[in-house]
Amino acid sequence: MLRTNDLCISAGNFAVDNITLSVPNGSCHVLLGGTGNGKTLILESIAGLRSIKSGQIWIEDYDVTNEAPENRLISYVPQDLALFPHLNVEKNIFYSQRFKKTGIRTSQEINELIQDLHLENILHRLILNLSGGERQRVALARAFATGNKVLLLDEPFSALHYTMKRALWDLLSAMQEKYHLSILLVTHDLEEASFLADHISVLCEGKILQSGPKEEIFYNPNSIEVSKITGHYNYFSAQVLSITSEDCLVYCSVLNCSFHAKNPGIKAGDEIVMAIRSNDIDIICVNSNENSDEYNKVSCQIKKIYDINHSQQFILMPDKQPGSRNSEIMIDIAKVRGVRGFYIGQKVISFFPHDSILIYKE
Amino acid sequence: MSLKRISISFSIFTFIFYLILIFSLFSFISGDRFLSILFSERTVFAIKLSITAASIAVMLSFLIALPAAYALSRYEFWGKKYIDLILELPMIVSPAALGAIILFLFSTGWGTWFQDHVQQFVFTFYGIILAQFTTILGVTIRMIKNGFDEISPRFENTARTLGANPFQAFYTVSLPLCGKSILSAVILAWAKAIGEFGATITVAGTMAMRTETLPVAIYMRLSVADIDGAVVLITILLAIGLIVLFVVRQVIGGNTSASN
């Protein structure tokens, strides 16, 4: 288990403050955030490669804050992988065997690892002659071969195409389960975070904005900043009309529509921002006997349609507020073979499910 | 005329210019005379002395240059920029001036005491080594530092997380990765030491069969109008220089120039 307590790090004018994380054995904790927010700084400090201003780092019950990197028993895979170009694949993987530490894997275990990662046919190749995916697997094998129970990964799959990435996520999950590893992974890729994480911490400008189970982070972000990092949201200014103990009724003048939503602790008359994920909004054809005058339904016209990988993205313009960019509604809908058939200019109704609307005070 | 043709013409001119200079040497000497001077006791002594002194000077400078270059490349410390600046000293100050500075050093009270009680340098074999060492140390550090600069510290950092201590990371990762740069630095420093003249003659003088390195021997032969002898020694120096350049290019494996 890896724990950090109030870690403060500074690098030039940039500082990372009060980073408290916990990565239980066999779980994956993802640090999610854009570039330049201090993610790599945190990993390097935990690995012992960068000095910290204050705070503690614990591995199980041992305080390793002042230990040298080689004594921390933490494996680190940097973004560029740092595979040794003067050694072949086999020597890279067996590199840690030269420096016997407690818990190091036996040669037999490493050979098994090589089989698991499908590296047996490239053992004598030089690093320069490997593909991107092969390099990633070698870097993981080299890190696993140490026998360390804690693994730090700095955007290891960012340079790979989706199919390769997806295969490596599977492989990493399998290895994590097999070796019961604590993984701290840094990424800006929402899909990667969603696939691998048990727990997510959202990082912005050197501070953790929210930390929790991935479902909580993705479906209940505690601030607009977190929601912007964790998904594609639509944001609309609105005013609270009335509240009950659990629900609230808000009116959005931009969309000229009233919405029922969960009450996050607001009162009538409050100015709020209403946020909804683009893939939580449904789209209904106008001729399907739906009444657009009901709550949570906005009558619109399709302005643009984008084909994005496995989904279609729609930009809708509400009928009652045409022309304003603030009123555009973005919707992502998974492509389902033979079901959809929308076209630009088509009249539709967008439906905002009650449970999916998030309310933030302005 | 295109830019391509003009620029190629200038490079061909350079090649022909140096070729004419080299071949002009051989109009002064016959083959038999060349061999007899080449294998004469005095010439062999000059070759042996030059090789021995240059090799010792390079070894000493390497022992200092390797850790110094690593420190300058990897660490931030007080005075680093001044050290980095002074490395250029042997390149901007004439070797004769450097030699004179060494002579002045040994003329001070401390220098005289050192020569009387520890080791005599002026007009000795050790003086040759010191003169060559002085002229090549800065250059050797600069070349090895450039080699370390090209290697990302991430390799060493990763080695540390894989269980290597700082010395092990240096020995197993940085040193092999910097191997070509180090080897070419050593070879070029050796070639520079072999050809060193200004500082050597100022510190060690011109004593036949005692402090007579190849460049000093050329000077001595020219001063008594021994053209044949000078041609043979110049040819030897040329051969050494060209062989060294060839070896360095093979080691580096590209078009890298000697200055790199």
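Keep in mind the model is a prediction, meaning the values are calculated, not measured. Here is the naming used below: chain letters follow the sequence lines, and residue numbers restart at 1 for every chain. No hydrogens, no waters, no symmetry mates; every other heavy atom, side chains included, goes into these values.
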* Check whether E44(A) gets within reach of chain B through its side chain, its backbone, both or neither, counting any heavy atom under 4.5 Å. => side chain
* With only heavy atoms counted, which part of L49(A) is less than 4.5 Å from chain B, the side chain, the backbone, both or neither? -> side chain
* Go through L83(A), L81(A), L87(A), V77(A) and name the one with the most non-hydrogen pairs under 4.5 angstrom from chain B. => L83(A)
* Asked: Got I136(B) and V58(B) here, is their nearest side-chain heavy-atom distance under 4.5 Å?
  -> yes
* **Pairing residues for F195(A) by the ring pair (Phe, Tyr, Trp, His ring centres under 6.0 Å) criterion, not counting sequence neighbours** => W169(A)
* Structure fact -> Max heavy-atom pairs within cutoff under 4.5 Å with chain A, candidates S152(B), G179(B), A159(B), goes to A159(B)
* Please name the residue in the list I57(A), L2(A), L31(A) that meets the side-chain contact (heavy atoms from CB on, under 4.5 Å) test with L21(A). => L31(A)
* With only heavy atoms counted, which part of R142(A) is less than 4.5 Å from chain B, the side chain, the backbone, both or neither? -> both
* List in chain and number order the residues that pass side chain to side chain contact (heavy atoms under 4.5 Å, CB included) with E205(A), two or more places apart in sequence or in another chain; answer none if no residue qualifies. => N37(A)
* Checking heavy atoms, do the side chain of Y95(A), its backbone, both or neither come under 4.5 Å from chain B? -> side chain
* To do: Using the six-membered ring of Y179(A), assess whether NZ or CZ of R105(A) lies under 6.0 Å from its centre and within 45 degrees of the ring axis.
  => yes
* Greatest number of heavy atom pairs closer than 4.5 Å to chain B - which of G48(A), A47(A), P78(A), A68(A) -> P78(A)
* Taking the side chain as every heavy atom from C-beta outward, state whether F62(B) and I144(B) have any atom pair closer than 4.5 Å. => yes
